[in-house]
Amino acid sequence: MRFQTKAIHTGVNKDAAYNSVMTPIYQTSTFRFEDIGTTKGYDYTRTSNPTRKALEENIAALEGGAGAVAVATGMAAIATTLHLFKSGDHVIVTHDCYGGTDRIMRTYQEQFNIQLSYVNMQDPANLKKALRPETKGVWIETPSNPLLNVLDIRALAEIARAHGALSIVDNTFLTPVNQRPFDLGADVIVHSTTKYLNGHSDVVGGAVVAKDQKVAERIAYLCNALGQGQAPFDAWLVLRGIKTLVPRMALHETNARAIAEYLAKHPRVSTVYYPGLATHPHHATAKAQQTGFGGMVSFEVRGTIDDVNRLLRGVKVFALAESLGGVESLIDHPQTMTHASMDPALRAEAGITDTTIRLSIGLEDVQDLIEDLEQALPGRH
Ligand SMILES: *Cc1c(COP(=O)(O)O)cnc(C)c1O
């Protein structure tokens, strides 16, 4: 089956009793045994549940992995994955990663002695330089949040593999529709399914996918041991969302490109961060390893914090809100919102300033989005 067919069909047929076309929501904590020591494959929902299993099989198929777990949030996916490591292990992390990723990494460093280095891996040579004998993991987030820097997954995964370290890719921004990390040599993929995979801003969720069976089994063990599994109803929503992932990603991108091109010509915008623009510093890498550029656009307002505040208050179609990847467009001020929990020095080093704006471009008529920005941006003088 091809990708879009898998998105709709893989894993979904869980109802042998009544042949429901859609996967039922198995809203149960526990399952009756057939006999002592014999079940129909499920005993307790923390360990496994047929609705969640459908989603896990679906995501594993879309990413091309041996197995997946669906968990409560994207952070649960990241936390579960970090439990692959032990005290003293060293993990190298994308320097401009998601704020919550930075927060949990620092917490694990303080409490469990997971050693961290934040490295700008835009030049893969910087990863090589940062390797230590105890380096066991390389955490790759590409495109990065919010500045959409692109990392060369193939080059980084190869360096990690040669060193005996796992490469982990946060594939939240592009989804398997536009980026296939396993084909590029990565070992583990994490998702916040809250974003594009679900796509309708009505659930929080996460997923961890492993390329190899052994790692997949360890992840499933950790998911059960830590109690991270996603609730059946939430898993069902994500499964439903994925059925339209392919056409949604296509329209997100069409709209995002139009917005990026509009902003690039605006005199009160100094920089547009969109890897689909030929002017983006990592456009060539993005073009080589991605099959699309996604729906996120960030930019710098040429002006003061007052101009920024006027924009944030002035938009009417865009909602001032955190998160991303839904059908509706959102505007975010990373410094005070999504990235407020990030270490200020790291934030500054990443290049996030008080005039950085991040847009999650939704599926509205793009002309309405452009007119909304036009009336809220500082005047053209
Ligand atoms: C949102 C996000 C997360 C965290 O996911 P939650 O579902 O909010 O817990 C992790 N990584 C990236 C890139 C994200 O955008």
Side-chain angles (χ1 to χ4, degrees), residues 94-103 118 120 122 141-151 173 195 252 255-283 286 293-325 328-362 366 368-381:
T94 302
H95 80 298
D96 56 345
C97 65
Y98 175 69
T101 303
D102 166 57
R103 178 172 50 197
Y118 289 93
N120 182 339
Q122 289 159 33
E141 188 180 321
T142 181
S144 71
N145 181 3
L147 296 181
L148 302 165
N149 288 308
V150 177
L151 302 178
F173 269 39
K195 315 296 170 49
H252 279 298
N255 282 359
R257 173 176 294 282
I259 299 279
E261 286 170 358
Y262 157 77
L263 290 170
K265 287 195 214 108
H266 199 291
R268 302 299 297 270
V269 170
S270 57
T271 314
V272 179
Y273 308 102
Y274 186 66
L277 294 180
T279 50
H280 189 280
H282 310 137
H283 176 67
F293 300 105
M296 299 300 295
V297 179
S298 297
F299 65 100
E300 296 290 332
V301 175
R302 195 194 295 280
T304 65
I305 185 67
D306 292 334
D307 295 317
V308 168
N309 289 343
R310 252 195 308 277
L311 167 67
L312 297 174
R313 292 194 178 110
V315 286
K316 298 184 173 81
V317 182
F318 283 86
L320 177 61
E322 300 193 356
S323 198
L324 59 105
E328 68 296 309
S329 293
L330 304 177
I331 188 166
D332 164 48
H333 188 231
Q335 190 168 78
T336 57
M337 294 166 66
T338 42
H339 289 63
S341 67
M342 197 172 171
D343 179 59
L346 203 59
R347 195 168 59 211
E349 197 188 313
I352 300 166
T353 73
D354 59 358
T355 55
T356 307
I357 299 289
R358 188 191 78 179
L359 303 176
S360 173
I361 304 300
V366 73
D368 287 325
L369 299 178
I370 289 173
E371 286 171 16
D372 195 35
L373 292 171
E374 181 66 22
Q375 60 84 27
L377 275 165
R380 291 172 174 275
H381 49 73

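Just so it is clear, the values below take in all heavy atoms, side chains as well, and ignore hydrogens, waters and symmetry mates. Throughout, numbering of the chain's residues begins at 1 and tracks the sequence.
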> With sequence neighbours left out, what residues match T356 under side-chain hydrogen bond (donor to acceptor under 3.5 Å, both in side chains)?
Replying inline: E300, T353
>> Quick check on side-chain contact (heavy atoms from CB on, under 4.5 Å): which of I361, L312, D368 does F318 satisfy it with?
In response: I361
> Can you check whether M296 reaches P143 side chain to side chain, under 4.5 Å on heavy atoms?
Replying inline: no
>> With a 4.5 Å cut-off on side-chain heavy atoms, are I305 and N309 touching?
In response: yes
> Atom CG in L148, atom OG1 in T142: separation rounded to 0.5 Å?
Replying inline: 9.0 Å
>> Could you tell me if the side chain of R310 sits less than 4.5 Å from the side chain of P378, heavy atoms only?
In response: no
>> Using the rule given for side chain to side chain contact (heavy atoms under 4.5 Å, CB included), can you reason through T94 versus L151, listing the C-alpha separation, both sets of side-chain angles and the distance that settles it, and then say yes or no?
In response: CA-CA 9 Å; T94 302; L151 302 178; 3.6 Å; yes
> Tell me, do P334 and R358 make a side-chain contact under 4.5 Å, heavy atoms counted?
Replying inline: yes
> Do H283 and F293 pass the ring pair (Phe, Tyr, Trp, His ring centres under 6.0 Å) test, and can you show the C-alpha distance, the side-chain angles, and the key distance before you say yes or no?
Replying inline: CA-CA 9 Å; H283 176 67; F293 300 105; 5.7 Å; yes
> Is there side-chain contact between L373 and Y262, with heavy atoms separated by less than 4.5 Å?
Replying inline: yes
> Under a 4.5 Å cut-off applied to non-hydrogen side-chain atoms, are E349 and R347 in contact?
Replying inline: no
> At what distance, to the nearest 0.5 angstrom, does CZ of R302 lie from CG of L377?
Replying inline: 12.0 Å
> Is there a side-chain contact between I352 and L147, using heavy atoms and a 4.5 Å cut-off?
Replying inline: yes
>> Could you check whether any side-chain heavy atom of I357 comes within less than 4.5 Å of a side-chain heavy atom of V297, counting everything from C-beta outward?
In response: no
> Do the side-chain N and O atoms of D96 and Y118 include a donor-acceptor pair separated by under 3.5 angstrom?
Replying inline: no
>> Before we go on, tell me: are the rings of H266 and F299 under 6.0 Å apart, centre to centre?
In response: no
